[in-house]
Each structure stands twice: as structure tokens, then as C-alpha cells.
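Presented below is the structure to which this report refers.
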There are 2 protein chains.
Amino acid sequence: MTTAKRKRVPRVERERQMIEVAERVFTERGYGAASMDEIAELVGVSKPMLYEYFHSKEGLLLACIRQSRAALREATEQATVGAVSPEDALRRGLLAFFVFIRERREAWSLLRHEMALIGTPAADEIEQTRRQQTDLIVAVMSEYFDDELRAEASAEFVVGACERLAIWCERFPDVTPEMATDYAMDMLWSGLSRRAADMRVNLHAH
Amino acid sequence: MTTAKRKRVPRVERERQMIEVAERVFTERGYGAASMDEIAELVGVSKPMLYEYFHSKEGLLLACIRQSRAALREATEQATVGAVSPEDALRRGLLAFFVFIRERREAWSLLRHEMALIGTPAADEIEQTRRQQTDLIVAVMSEYFDDELRAEASAEFVVGACERLAIWCERFPDVTPEMATDYAMDMLWSGLSRRAADMRVNLHAH
DNA sequence: AAGTCCATCCTACTTTGAGTAGGTTACCGG
DNA sequence: CCGGTAACCTACTCAAAGTAGGATGGACTT
């Protein structure tokens, strides 16, 4: 910086820079507390540029979220390619998810902020982005359900469960992605019924 | 209104009014788009009053959320009183939850906004409020898990799953609370393993 | 080499809304 | 009737979103 001659930069490259900086600032300060002035300054550009590229603060956040969602989807989808069964696909997907949220802190943190856009014009767009994510799970779930509605409900169920579990994991750094996957998979696969059965066995044994 | 003589009102009563109006406005406009000026006007009071009572916009939202959480907790806790088993308690709690989100639209909508406070000073308070909710589930889960950590993880899992399922339900008015409860309970209790088994049976039958 | 054109970029503004300083008035107990 | 306090207000500051209108580097023509 200092007095460095400011070079002009092509659109796509600037866009990349802006999103990169915005991702960091939104994550650090939170959406509400982040200011467009600060982001502009960190990019080394003036505020109207941000508006030319993203139209609004919401738009900028949306762009960041879209990118993070894409990365997450990419990661989970890739993880399931060699799966030998739906069960295996589910397990691999879960592991990829829990690894992702640990390795890509900023991206994940950003996704947690998408709720900040509820009730705004961008809400639809957010829902679309999210939908793209759940569709992966719907595909897996359809293996187990004839009822289409039920399959979709179950997919949402799984996504919500894992998101919440991921947030919980952040409070316990000792919980590895493998452990989280195990917790989730155990619930999803076996359910509580088997544990209830085990309890009865233990009861009779003593 | 119009030119009606503005009567003075005791603190607790005003507080009630303010929260009631704020709940509506936050729900309608979303947290970001809601303005303190508008809320003040709808209450029939000046803006500094809001700040005297709640200290900040965040504080006002927090008060609304606290109230809604309390109502939700009350509803779910009451529902489990006559339960004859952990399984029964879980089912009753789930049903109460899905009934709540349908009957108390504004309250539920508000709770979905709590994520808007991530990264703010109020985040801790939010986590406390939420914790109060999950503790109910932890109690039920502890019946099935010796491992304390696993019980907690499972509670978060259940809460996240149901929250997401509830959001999904809003898009399908035909899905009754009873159906949602059934979807959730089926996943939680039986898991996918039984469905996988059923699939194999069907396969062999034809 | 000089001129043209436009994508990139800026300075300087408006507007909106959160939060506050300091004063005013209705009501209650004496 | 007269303090005193709890409820209340007007009128501001300040930060940050969003915009109008203009300046300029540099690619491309001639």
C-alpha cells in the first residue's frame, strides 16, 4: 500500500478480491457490525465499486454465501463418488461435512450467517442455495423412502441435525470429525430403539 | 390514537406493550429492516423510552426472543408430564413443538431470527437461552446414553433436526403437526437400518 | 504516434436509522 | 397544595448504507 500506484484490475479479479476480503470481515465482525467502508478500504478500492459489483450489502453477503455453499457442496459430493451403498454414501458425506467445517472455518462461519437475511428480498435466493445442498441428501434418502414427501422431510431432518451438531462441535475442539460422524451416523442408522433394547438387556443382566 | 390524551402507564405494562409490538414488527420486517422509530410510534411512545427499557435494538430483540423461548419451553415441558416412558416423553415433546410452531407463528418466526445476533455481544445470552431448551432433550437422551458427551451431542442433533423440519413444514401447510411428529419420531426411533431391512425384504419378495 | 472510447475507478454527497443529552409533566404521598 | 420521582418528550449527534456525476488508465484503431 502506502503510496503504491494503484493499478487497474479486470472485473473478475477484483470480484475475487472483494469476496475474499468480505468473507473475512463478515466472519470477524458479523454481518451487522461489518461496514462497507471498511471492506472497501481493505480491498484498496472505493465504496461505489462494491456497489457496482454487488448492488448492496446483502448482495455482497449473498455472493460470499453462494461461494461457500458451492465449496461445501463440492466437498460433500466428491466424497460420495466411490460409495458402495447408500449407507456408505451417507457416512462419507457426513465425514466430508464435518471435516469441511473444521478446515474451512471462515466459509462455515459465513453459512451460519445466512439466517441474518431472513425476511429480506434475498431470502428466496438463500433458500435456493440451501436447496441445492439438501438435494444431495434427498437423493440418498430416496433409496430408503418410497414416499417422496417423507424423503424430503428426512433430508431436511438430516441437514438440520448435522448443522446443529457442527455448531455444537465448535465448543468442543476435542471432538474430531470422525467422532461427530459417528454420533450422527449412529443416530441416523440405528436410532434410539436399539439403545433402548440394550438398556433392557443391561437391566436383566444385573 | 389521533389526538387522544396519552395516559402514563406503569413500567411493566409498557414493557409488555413494547415487546408485543416489537415481536410483530421484527417478524414482519425482519430484524435488520425493522426500525426503532417505527416500533416506538406503533407503541405510541417516543424512541428514548425503548432505549430506557431495553438499552439497544439488540436488547429489544433479545427480550422478545427470551419470551418466545420461555413459551416454547413451557409448552414442551408441560407436554411431557404424563409420559410413561422416555420414548413417550420424546414423542409428546415433539408433538408439542410442532403444534407450537403452527399455533404461535410470531413466536416461532422470532426464534428463527436469533441467528441474526451471531457475532454480537448478545451471542452468549442467546446461547444460554437456547441451552435452556436443549437441556430438556438432554434429560430425555440421558436415558439412552451412558456417555454424557454423546447424550449432549444427540440432544443438539434432535433440536437441530426438528428446527429444520419445522422450517420445511412451513412450505407445506398440508403437513400436520402429527405427520411431522411421525416423520421425526420414525427417524429418531427406528433409524434408517430398519428401512434398509424392509427394502431387502421387498427385493426378495419379487 | 496520436486520438478515441469505455471499463474502471474516484470524490463528495444524501439519507436513514441507531443511540443520547437534557429538559418537561403527570401522578402519588404527604 | 406541594415536593419528588417515574414516566415521558423534543431535538439533537453520528455512523454507515447507498448514489450522482465526473475523472483516467490503457487497449485498440488509424
Side-chain angles (χ1 to χ4, degrees), chain A residues 1-22 24-26 28-64 113 116-117 119-122, chain B residues 1-22 24-26 28-65 113 116-117 119-123:
Chain A
M1 262 299 218
T2 58
T3 38
K5 204 62 175 293
R6 240 114 74 153
K7 255 295 274 331
R8 293 209 164 177
V9 165
R11 209 175 176 92
V12 282
E13 172 63 10
R14 266 279 184 256
E15 199 169 308
R16 224 189 40 73
Q17 295 177 4
M18 287 171 175
I19 290 182
E20 184 185 325
V21 170
R24 212 174 58 235
V25 175
F26 281 142
E28 280 171 7
R29 300 244 192 289
Y31 177 70
S35 95
M36 294 297 265
D37 285 286
E38 184 187 357
I39 294 172
E41 184 163 1
L42 286 176
V43 176
V45 101
S46 72
K47 197 162 50 145
M49 288 304 292
L50 288 179
Y51 284 90
E52 173 143 358
Y53 281 62
F54 301 101
H55 179 65
S56 70
K57 190 182 181 184
E58 260 179 46
L60 180 53
L61 176 60
L62 200 57
C64 294
H113 284 71
L117 296 182
T120 71
Chain B
M1 264 296 216
T2 58
T3 38
K5 207 60 174 297
R6 240 112 76 153
K7 251 301 267 348
R8 293 207 164 179
V9 165
R11 209 176 177 94
V12 282
E13 172 63 10
R14 266 280 185 256
E15 200 169 308
R16 224 188 41 73
Q17 294 177 4
M18 287 171 175
I19 291 182
E20 185 185 324
V21 170
R24 211 173 58 233
V25 175
F26 282 141
E28 279 170 9
R29 300 244 192 290
Y31 177 71
S35 94
M36 293 297 266
D37 285 286
E38 184 187 357
I39 294 172
E41 184 163 359
L42 286 176
V43 176
V45 103
S46 73
K47 196 162 50 145
M49 287 304 292
L50 287 179
Y51 284 89
E52 173 144 355
Y53 281 63
F54 301 101
H55 179 65
S56 71
K57 190 182 181 184
E58 261 179 47
L60 180 54
L61 175 60
L62 200 59
C64 294
I65 288 177
H113 285 71
L117 296 182
T120 70

When you get a sec, tell me which of C/dC9, D/dT19, D/dA7 is the closest nucleotide to the side chain of B/Y53? D/dA7

Nearest-Å distance for atom pair CD/P, residues A/E41 and C/dC10: 12 Å

Nearest-Å distance for atom pair CZ/P, residues B/F54 and C/dT20: 16 Å

In whole Å, what is the span from the CD atom of B/E52 to the P atom of C/dG23? 16 Å

Any residue meeting side chain to side chain donor-acceptor pair (under 3.5 Å) with B/E28, in chain and number order, not counting sequence neighbours: none

Which distance, rounded to the nearest 0.5 Å, do you find between the CZ of B/R14 and the CD of B/Q17? 5.0 Å

Rounded off to whole Å, could you give me the CZ-to-P distance for the B/R29 and C/dT16 pair? 15 Å

Going by the rule side chain to side chain donor-acceptor pair (under 3.5 Å), which residues pair with B/E15 if we only count those two or more places apart in sequence or in a different chain? none

Has A/R14 got a side-chain N or O lying under 4.0 Å from the OP1 or OP2 atom of C/dT8? no

For the side chain of A/M49, counting heavy atoms from C-beta on, which of C/dC10, D/dG18, D/dC9 is nearest? C/dC10

Output all residues satisfying side chain to side chain donor-acceptor pair (under 3.5 Å) with A/R16, sequence neighbours left out; order by chain, then residue number. A/E13

Identify the pairs formed between an N or O of the protein and an N or O of nucleotides 12-16 of chain D at a distance under 3.5 Å, and give each distance.
none

Rounded to the nearest angstrom, tell me the gap between atom CZ in A/R11 and atom C1' in C/dC9. 12 Å

With B/R29 via salt bridge (charged side-chain N to carboxylate O under 4.0 Å, His left out) - residues at least two apart: B/E38

Check this one for me: any side-chain N or O of A/R8 less than 4.0 Å away from OP1 or OP2 of D/dA27? no

Between C1' on C/dG17 and OH on B/Y31, what's the gap in Å once rounded to a whole number? 12 Å

Picking from D/dA17, C/dA18, D/dC8, the nucleotide nearest the side-chain atoms of A/Y51 would be D/dA17

Which heavy atom of B/H113 sits nearest a heavy atom of B/Y31, and at what distance? CD2-N, 3.8 Å

From CD of B/E38 across to P of C/dA18 the rounded distance in Å is 10 Å

CG of A/L50 versus P of D/dA17: gap in Å, rounded? 10 Å

N/O donor to acceptor pairs below 3.5 angstrom from side-chain atoms of residues 45-56 of chain A, sequence neighbours left out:
| unit_1 | atom_1 | unit_2 | atom_2 | d |
| --- | --- | --- | --- | --- |
| A/S56 | OG | A/E58 | N | 3.4 |
| A/S56 | OG | A/G59 | N | 3.0 |

